[in-house]
Amino acid sequence: MSAYTLGPLLYEGKAKRVHATNHDDVVAVEYKDDATAFNALKKAQLAGKGELNCRISALVFERLAARGVPTHYLGVDGSNWMLVRPVRVIPIEVVIRNIAAGSLCKQMPIGAGTPLDPPLLDLYYKDDAFGDPLLTEARLELLGLVSPVQRQAIEDLARLVNRELLELFTEAGLILVDFKIELGLTQSGELVLADEISPDTCRLWDGAVADDQDRILDKDRFRQDLGGVVEAYGQVCKRVQGVCPEPRHYG
Ligand code: TMP
Ligand code: ASP
């Protein structure tokens with residue numbers, strides 16, 4: 001018998017659905033096959049993406065948890081369901097860039113592929129209606145989203161996640177170019193890593209491939225119409241499972 005029963009749908013995002021359960025301290029996240037880019041201007045159904053992102057995220061969360069990084073993750077159930085602690089998601093997307101790519105190179109005179117040392121940390125306001133704009137220090141203060149102390153804690157946690165992910169992906173033969181994370185506050189007020197960590201939210205290059213298109217193993221394959229999206233995610237999954245603990249079954 002299952003350790004929980006599903007309750008009502010609480011929220012549907014672009015790539016996941018969040019459901020209540022019969023336990024106040026557990027919510028169920030269903031990973032969908034929907035792929036979107038450019039604030040959902042580009043959309044597709046990619047069979048198998050939900051399962052792959054659920055498994056990759058679970059593997060990564062297992063390893064991060066084993067290293068003492070606080071996360072919302074509790075375990076998995078079936079192939080595309082993840083059980084997590086309910087959190088109040090802070091409406092800030094934290095992006096850390098180790099190598100210049102993507103929007104940074106469109107907005108700044110920095111060549112794609114330039115190493116960024118120290119890694120660049122940017123905060124964006126999480127609101128699709130406004131296109132997730134880049135936050136300045138002054139705008140962050142104006143919106144009053146977080147206190148200066150919370151902001152420091154968010155940046156410290158994001159940099160810790162970057163160090164852990166760099167180590168993990170290097171062991172897996174992958175280059176972590178950049179990634180986006182979301183953080184939340186649990187019912188007891190603990191700041192934890194939330195959402196997902198997958199090729200939808202990270203730029204990952206195959207460390208053994210030199211060609212600048214062939215090496216792409218993340219959502220840029222979809223954004224740039226390169227094809228082989230699910231195959232690339234499968235490759236990431238295969239490599240990541242070699243360096244992470246097997247995800248625990250919830251319940
Ligand atoms: P960017 O270069 O487009 O700003 O993206 C930086 C990183 O953030 C990249 O790894 C992709 C990820 N990302 C998301 O996870 N969600 C988003 O909505 C966007 C725009 C980027
Ligand atoms: N996640 C965003 C969207 O769905 C953008 C992106 O990842 O490129 O539109």
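The first residue in the sequence is number 1, and the count goes up from there. First listed ligand is number 1; within each ligand, the first listed atom is number 1.
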Inset, instruction - Answer with yes or no whether the hydrophobic clustering places Leu183 together with Leu135; edges join I, L, V, M, F, W, Y residues whose side-chain heavy atoms lie under 4.5 Å apart. - result: yes

Legend entry - Ring geometry between Trp81 and His19 (parallel below 30°, tilted from 30 to 60°, perpendicular above 60°): tilted

Inset, instruction - Run the numbers for me: atoms of ligand 1, each under 4.0 Å from some heavy atom of Asp200, listed by number. - result: 15 (O)

Legend entry - Lys14 and ligand 1 - part of the residue with a heavy-atom distance under 4.0 Å: neither

Legend entry - For Arg203, atoms of ligand 1 separated by under 4.0 Å from a heavy atom: 1 (P), 2 (O), 3 (O), 5 (O), 6 (C), 9 (C), 10 (O)

Inset, instruction - Compute whether any side-chain donor of one residue and acceptor of the other, for Asp132 and Asn39, lie under 3.5 angstrom apart. - result: no

Inset, instruction - Tell me which protein heavy atom sits closest to atom 18 (O) of ligand 1, plus the residue, atom name and distance to 0.1 Å. - result: Asp132 OD2, 4.1 Å

Legend entry - Contact with ligand 1 for Glu182, non-hydrogen, under 4.0 angstrom: no

Legend entry - Side chain to side chain, Ile197 and Cys202, heavy atoms closer than 4.5 Å: yes

Inset, instruction - Verify whether one side chain among Ser188 and Arg85 offers a donor that lies under 3.5 Å from an acceptor in the other. - result: no

Legend entry - Geometric N/O contact Ser103 with ligand 1, under 3.5 angstrom: yes

Inset, instruction - Look at the side-chain heavy atoms of Ile, Leu, Val, Met, Phe, Trp and Tyr, link any pair under 4.5 Å apart, and say whether Val29 and Val87 land in one connected group. - result: no

Inset, instruction - May I ask whether Lys219 places a heavy atom under 4.0 Å from ligand 1? - result: no

Inset, instruction - With a 4.0 angstrom cut-off on heavy atoms, strictly below it, pick out the residues next to ligand 2 and order them by chain and number. - result: Lys14, Thr36, Ala37, Phe38, Asn39, Ala40, Lys219, Arg223

Legend entry - Nearest-contact summary for atom 11 (C) of ligand 1 - protein heavy atom, Å: Arg223 NH2, 3.6 Å

Inset, instruction - For Arg97, take its heavy atoms, then give the atoms of ligand 1 lying under 4.0 Å from any of them. - result: 1 (P), 2 (O), 4 (O), 6 (C)

Inset, instruction - Starting from atom 13 (N) of ligand 1, locate the nearest protein heavy atom and write down its residue, its atom name and how far away it is, to 0.1 Å. - result: Lys180 CB, 3.9 Å

Inset, instruction - Using a 4.0 Å heavy-atom threshold (strictly under), name the region of Val177 that reaches ligand 1: side chain, backbone, both or neither. - result: neither

Legend entry - Nearest protein heavy atom under 4.0 Å from atom 20 (C) of ligand 1, yes or no: no

Legend entry - Numbering as shown, the atoms of ligand 1 that approach Thr201 to under 4.0 Å (heavy-atom distance): 10 (O), 12 (C), 15 (O)

Legend entry - Inter- and intrachain pairs under salt bridge (charged side-chain N to carboxylate O under 4.0 Å, His left out), touching residues 201-213, at least two apart: Asp178-Arg203, Arg203-Asp220, Asp206-Arg239

Legend entry - Euclidean distance, Arg139 CZ relative to Leu145 CG, rounded to 0.5 Å: 12.5 Å

Legend entry - Ligand-side contact atoms (ligand 1) for residue partner Gly102, heavy atom cut-off under 4.0 Å: 2 (O)

Inset, instruction - Among all protein heavy atoms, pick the one closest to atom 7 (C) of ligand 1 and tell me residue, atom and distance. - result: Asp178 OD1, 3.6 Å

Inset, instruction - Find out whether Leu52 and Tyr31 are in side-chain contact, i.e. whether some heavy atom of one side chain is under 4.5 Å from a heavy atom of the other. - result: no

Inset, instruction - Give the cluster check for Val84 versus Val76: same hydrophobic cluster or not, with ILVMFWY residues linked at side-chain heavy-atom distances below 4.5 Å. - result: yes

Inset, instruction - Decide whether a cation-pi geometry holds between Lys42 and Phe222; the criteria are a distance under 6.0 Å from NZ or CZ to the six-membered ring centre and an angle within 45° of the ring axis. - result: yes

Legend entry - Backbone N/O of Lys49 and side chain of Lys32: donor-acceptor pair under 3.5 Å: no

Inset, instruction - Let me know which of Thr201, Asp195, Asp122 forms a side chain to side chain donor-acceptor pair (under 3.5 Å) with Lys180. - result: Asp195

Legend entry - Close N or O approach (Glu93, ligand 1; < 3.5 Å): no

Inset, instruction - May I ask whether Val60 and Leu157 are part of the same hydrophobic cluster, defined by side-chain heavy atoms of I, L, V, M, F, W, Y residues being less than 4.5 angstrom apart, directly or through others? - result: yes

Legend entry - Close approach, Asn39 and ligand 1, non-hydrogen under 4.0 angstrom: no

Legend entry - Of Asp77, Asn22, Thr21, the residue whose pairing with Tyr4 passes side chain to side chain donor-acceptor pair (under 3.5 Å): Asp77

Inset, instruction - Enumerate the atoms of ligand 1 whose separation from the nearest heavy atom of Phe179 is less than 4.0 angstrom. - result: 10 (O)

